[in-house]
Amino acid sequence: MSIYDKLNEEQRIAVEHKEGPLLILAGAGSGKTRVLTHRIAYLMEECGVKPWNILAITFTNKAAKEMRERVDNLIGEGAEDVWVSTFHSTCVRILRRYIDLIGYDRSFTIYDSDDQKTLMREICKYLDIDTKRTKERALLSAISAAKDELISPMQYEKECMGNYGKQVYAKAYNEYQKRLKANNALDFDDLIVKTIDLLTTHPDVLSYYQDRFQYIMVDEYQDTNTAQFKLIELLAARNHNLCVVGDDDQSIYKFRGANIYNILNFEKEYPEAKVIKLEQNYRSTQNILDAANGVIANNTERKDKKLWTANEKGDLIRFTQYETDYEEAAAIVDDIETTMKENGESYNDFAILYRTNAQSRVLEEKLVNRGIPYKLVGGVNFYARREVKDLLAYLKTIDNGMDDIAAKRIINVPKRGIGLTTIDRVTDYAIANEYSFFEALTRAEYIAGVGRALSRISSFVSMIEILRGKLDDPSYTLESLINEIIEATGYVEELQAEGTDEAKSRIENISELVNKVVTFEQEHPGGSLSEFLEDVALVADIDSLDENTEKVVLMTLHSAKGLEFPNVYMCGMEDGIFPGYMTISSEDDSEMEEERRLCYVGITRAMHRLTMSAARQRMVHGETQFNKPSRFVHEIPRFLVEVTADSLKPRYGGGTAYGSDGYGLADRGRGRFDYGSYDSGSRGYGSGGYGSAGTGSTGYGNSGSGSRGYGNAGYGSSTGRSSNVNGMSGYGVGQARKKSAIDLFADNSMIQKGFGAKPTKVTPTKEKIDSLNYGEGDTVKHTRFGAGTVTALKELPGDYEVTVEFEKGGVKKMRASFAKLEKL
DNA sequence: GTGCCTGCTCACGGG
DNA sequence: GAGCAGGCAC
């Protein structure tokens with residue numbers, strides 16, 4: 001029996017496709033990695049293709065590593081010569097060899113987003129750009145977008161002719177590139193762009209790689225941007241043996257330039273392409289799959305496909321709306337513990353997914369309290385911590401003396417009495433004489449006004465030069481280098497003297513960095529400093545995830561792509577969070593579609609059990625926000641969802657129905673749930689029926705009896721009575737889906753009065769406010785959230801607490817002194 | 001030149 | 001709510 005016998009028919013056809021372009025549309029969980037690895041094995045074993053003639057591109061190092069391991073397992077050793085790597089590391093490898101051909105030094109530095117921001121700040125100062133009006137971030141994202149589309153500064157400038165506002169961007173882009181070049185640095189986008197520059201201007205180099213990469217495979221093709229597409233096109237131009245694998249329904253990186261048309265138009269680009277659809281899912285239960293299909297069916301721009309599975313139906317998807325984000329987190333953690341015991345599973349069988357990194361904090365808190373081991377993916381990157389960045393800046397300065405950003409970062413860290421005035425003078429001198437900042441430091445004695453700082457500067461310079469000199473000895477390790485830096489600068493010593501908890505944790509991070517250096521040298525004997533730094537620059541958060549350690553995994557939905565877990569929790573399922581406020585208020589419908597694909601990705605991560613949750617109120621950026629359950633929850637066919645009432649202790653008085661929001665809670669018993677009339681399919685939603693029941697009773701709304709297309713407002717009361725409260729009833733026949741979802745809980749102010757919102761911490765107000773020029777019922781404008789109606793006002797000492805229902809951003813409660821609302 | 005305080009800004013995702 | 005830049009006092 002061969003390794004190919006276990007493949008299904010479509011998988012086998014894909015694996016055995018040898019020559020010519022191939023598009024594999026692989027639905028979630030359809031075994032695409034299996035196809036890719038088997039195809040590599042097949043090419044090598046059955047077709048005699050040399051491993052070094054195969055290039056497989058993935059999006060993360062983690063995926064690359066796994067792919068190599070799996071190929072190794074298939075064919076037994078020999079996969080190490082297959083070039084498996086990410087777009088970015090592929091480009092770095094090519095550039096390290098040939099970038100001098102396009103005018104950079106081969107020891108170039110890679111700038112991360114912090115470095116980019118620092119550089120842009122300098123540029124704004126230099127070009128007199130008012131950063132209040134034009135943000136660095138905006139400039140950088142415009143530049144990044146231009147690069148993703150392969151638009152050069154010159155082209156950009158042309159396009160901006162006559163548009164004064166845009167000309168600022170063009171100038172900034174131009175200066176930014178100039179400075180990157182002067183610093184011998186490349187940002188992430190440049191890695192791709194410069195590789196294309198190199199290949200298009202040097203046919204011999206291109207030809208070399210075209211010969212080398214006779215078989216090219218690209219994973220997650222739906223996430224490639226125009227530049228990446230172009231790169232692949234160049235490399236594959238001679239042999240046309242290009243195999244791309246992707247799923248248009250899982251395209252979730254538009255914000256960083258992903259061009260979904262790369263996959264949608266593949267057949268136009270390569271008319272001779274063979275197209276294979278993998279539609280059998282091996283991962284999830286039928287119910288989970290149906291839920292995912294139900295959600296994604298609301299998107300219009302997609303390739304037709306229908307996922308199916310031979311797996312059992314499985315459990316229903318569970319949904320619960322909690323009072324606060326804290327209760328939500330507590331309940332999830334509870335549930336993990338119970339389920340784990342009941343099913344004899346381990347912690348790594350559970351993943352908690354959320355839309356934004358900020359949501360992890362509350363969850364972490366609860367997990368720590370319970371002593372549950374967890375792994376947080378993302379958040380504040382290890383390499384973004386101050387102490388780690390400082391030490392890396394030393395390494396960068398030693399490695400690449402032209403990197404001004406790095407040199408300026410450490411010139412006075414730890415403090416050595418070289419202040420801003422001195423730095424400015426050195427900078428001016430450097431610019432005037434076209435030296436790098438570090439070069440200028442070596443000539444400090446010629447710089448007017450440096451005076452007192454001169455001796456300090458020279459000792460800094462000689463420290464760097466001595467360390468740099470040591471690297472000439474091939475037996476000198478990077479480990480010794482970093483230890484000498486720590487020693488010479490007194491960095492750790494200073495932290496030890498501080499003795500605070502924060503200082504201790506910084507010291508731990510530093511020793512962690514030293515560990516990483518050691519590991520790097522073990523894994524890459526003879527690896528250079530540049531290689532170490534590039535390794536560091538190109539790690540993704542997800543790379544550090546080891547699914548085999550017994551920990552609950554916490555991460556964003558974005559990070560979860562490509563992974564699977566027996567039990568998945570999708571929390572914060574609220575309009576305003578997911579889909580996010582930005583998406584809801586956007587004019588562009590495609591953004592909602594992207595958000596929906598993200599939801600699809602989340603759902604399809606689950607193998608056996610999917611639990612969704614929402615909170616009525618949560619703190620977002622210091623303001624209490626009231627959110628309705630996510631429209632995506634409503635898009636799951638109702639018969640697939642089991643809604644459980646928040647079963648925490650009764651707290652708001654038993655038996656009384658609160659709120660007209662249709663989620664009215666009664667006694668916190670384990671109530672039943674009713675969506676209203678979801679049965680009627682596309683025709684309408686019941687607004688009611690989210691009511692949970694009184695203790696053990698069946699106090700829920702009438703089910704929206706089929707054809708009528710609505711449900712009564714099902715406010716559970718302790719008597720289990722279903723009734724209309726405050727005149728809110730379900731939506732009528734034919735009510736548009738979208739509308740009902742949005743208006744479902746129109747009168748949120750009632751909840752607030754009923755529940756009495758969580759007391760906000762009273763902080764002294766900066767500016768005493770005695771009266772307001774607006775009141776309940778007035779329309780006001782918020783600088784960020786736009787227009788809204790004041791639904792409640794509460795007097796505080798010297799301030800007011802204003803509850804505003806925004807037209808687009810939901811209900812928010814804010815301090816009048818802080819929010820600066822303007823009456824309309 | 002250093003250190004503290006205040007006020008402002010950012011509130012989506014990441015290689 | 002948090003992190004950072006800028007202002008101000010020493």
Side-chain angles (χ1 to χ4, degrees), chain A residues 57-64 85-92 110-114 116-118 121 124-125 131-132 135-138 141 144 148 186-192 220 223-225 227-228 252-258 353-359 361-362 377-381 383-384 386 412 414-423 452-453 456 534 536-543 555-561 572 576-584 586 591 594-595 597-598 601-602 619-625 760-761 763 766-767 783-785 809 812 818 820:
Chain A
I57 292 191
T58 60
F59 264 80
T60 64
N61 298 306
K62 183 172 185 284
S85 76
T86 66
F87 269 105
H88 291 95
S89 20
T90 299
C91 289
V92 171
I110 301 165
Y111 275 1
D112 65 19
S113 28
D114 276 353
Q116 289 178 283
K117 212 179 148 200
T118 310
R121 238 192 329 263
C124 288
K125 241 183 240 167
T131 49
K132 286 219 171 67
K135 307 253 180 294
E136 289 103 334
R137 262 172 58 105
S141 62
S144 176
D148 287 344
L186 273 68
D187 66 16
F188 283 120
D189 302 312
D190 275 347
L191 294 176
I192 317 284
E220 306 282 10
D223 288 328
T224 52
N225 62 34
Q228 289 161 337
I252 54 174
Y253 282 107
K254 193 176 162 213
F255 73 93
R256 67 172 196 214
L353 309 181
Y354 36 78
R355 179 64 177 83
T356 66
N357 279 309
Q359 290 168 253
R361 227 193 63 204
V362 186
V377 176
V380 180
N381 188 310
Y383 293 103
R386 194 210 302 165
N412 198 30
K415 299 253 173 316
R416 46 176 77 87
I418 303 172
L420 258 187
T421 328
T422 309
I423 293 173
R452 250 186 339 161
R456 298 161 187 160
E534 119 198 355
V536 164
L538 297 181
V539 289
D541 293 324
I542 196 72
D543 295 341
M555 63 184 145
T556 61
L557 290 154
H558 279 91
S559 301
K561 195 174 61 149
I577 301 288
F578 185 40
Y581 155 71
M582 301 283 267
T583 309
I584 295 173
S586 166
E591 290 200 19
E594 170 127 337
E595 203 81 348
R597 289 193 290 269
L598 188 56
V601 167
M619 286 288 262
V620 179
H621 312 302
E623 283 168 358
T624 307
Q625 195 171 303
T760 337
K761 204 171 80 190
T763 44
K766 298 146 212 153
E767 185 188 342
T783 44
R784 210 166 293 127
F785 304 121
K812 294 194 170 60
F818 182 75
K820 292 170 204 133

Asker: Heavy atoms only: give me the nearest A/D189-A/S144 pair and the separation to one decimal.
Answerer: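 Heavy atoms only, the tightest pair is OD2-OG, 2.9 Å.
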
Asker: Scan A/N61 against the nucleic acid and name what it touches under 4.0 Å (heavy atoms): base, sugar-phosphate only, or nothing.
Answerer: nothing

Asker: Reckon A/T583 touches a base, only the sugar-phosphate, or nothing at all at heavy-atom distances under 4.0 Å?
Answerer: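 Counting heavy atoms under 4.0 Å across all strands, no contact is made by A/T583.
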
Asker: May I ask you to verify if any side-chain N or O of A/T422 is less than 4.0 angstrom from the OP1 or OP2 atom of B/dG1?
Answerer: yes

Asker: Under 6.0 Å from the CZ atom of A/R121, do we count more than 12 heavy atoms belonging to anything else shown?
Answerer: yes

Asker: Does any N or O donor sit under 3.5 Å from an N or O acceptor when you compare the side chain of A/D541 with the base of B/dG15?
Answerer: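 Per atom types, no contact qualifies.
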
Asker: By centroid distance (under 5.5 Å) and plane angle (under 30°), are A/F255 and B/dG13 in a stacked arrangement?
Answerer: yes

Asker: Counting the benzene-type ring for Trp, do A/F59 and A/H88 have ring centres under 6.0 Å apart?
Answerer: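 No; A/H88 has its ring centre 6.0 Å or more from that of A/F59.
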
Asker: Categorize A/F59 for me: base, sugar-phosphate, or nothing, with a 4.0 angstrom heavy-atom threshold over every strand shown.
Answerer: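 Since only primed, P, OP1 and OP2 atoms lie under 4.0 Å of A/F59, the category is sugar-phosphate.
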
Asker: Examine B/dC10: is either OP1 or OP2 under 4.0 Å from a nitrogen or oxygen in the side chain of A/K135? Give yes or no.
Answerer: yes

Asker: With a 4.0 Å cutoff (strictly under), does any side-chain N or O of A/N225 reach OP1 or OP2 of B/dG15?
Answerer: no

Asker: Starting at CZ of A/R386 and ending at P of C/dC4, how long is that distance when rounded to a whole Å?
Answerer: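 It is 8 Å, rounded to the nearest whole Å.
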
Asker: Less than 4.0 angstrom between a side-chain N/O of A/T556 and OP1 or OP2 of B/dG14, yes or no?
Answerer: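 Affirmative; the distance criterion is met.
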
Asker: B/dG13 phosphate, OP1 or OP2: any side-chain N/O from A/S559 under 4.0 angstrom?
Answerer: no

Asker: Give a yes/no on whether any side-chain N or O of A/R256 is located under 4.0 angstrom from OP1 or OP2 of B/dG15.
Answerer: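 Answer no for this pair, as no side-chain N or O of A/R256 is under 4.0 Å from OP1 or OP2.
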
Asker: Tell me yes or no: between the side chains of A/T86 and A/T58, is some donor less than 3.5 Å from an acceptor?
Answerer: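 Absent: no donor and acceptor within the cut-off.
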
